[in-house]
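For reference, the structure discussed in these notes is given below.
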Amino acid sequence: MLYVLSLVLVVFGVCFLAVVIFRVARVLRRFDRAASMVVADTTDRTGLLRARAAALRVAMTQRRGDLDEVLVSEQG
């Protein structure tokens, strides 16, 4: 009769372990989804920041070009 109790405890332990593994897997899937959303958002924001910096460089270059043309025309 002792083997029946041991068998019941082993079955209970395996079921408990399966439930724990299932819950951990679900939490990890949620974490992975959230992490990928953060990466996508960060990538989007970084791209926008790079575009803004490039636009500022273009604008500054254009202004310097305009100033250079004014200075050349004043000297000429």
Check your understanding: In Å and rounded to the nearest 0.5 Å, what is the CG to CG distance from Asp44 to Leu49?
Key -> 12.5 Å
Exercise for review: With the side chain counted from C-beta on, respond yes when Val58 and Gln62 share a heavy-atom pair under 4.5 Å apart, and no when they do not.
Suggested key: yes
**Study point:** Close side-chain approach of Met60 to Arg57, heavy-atom, < 4.5 Å
**Key:** no
Point to revise | Inter-residue atom distance Thr43.OG1 - Leu48.CG, 0.5 Å rounding | key: 11.0 Å
Exercise for review: Identify which one of Ile21, Leu28, Val27 satisfies the side-chain contact (heavy atoms from CB on, under 4.5 Å) criterion when paired with Val24.
Suggested key: Leu28
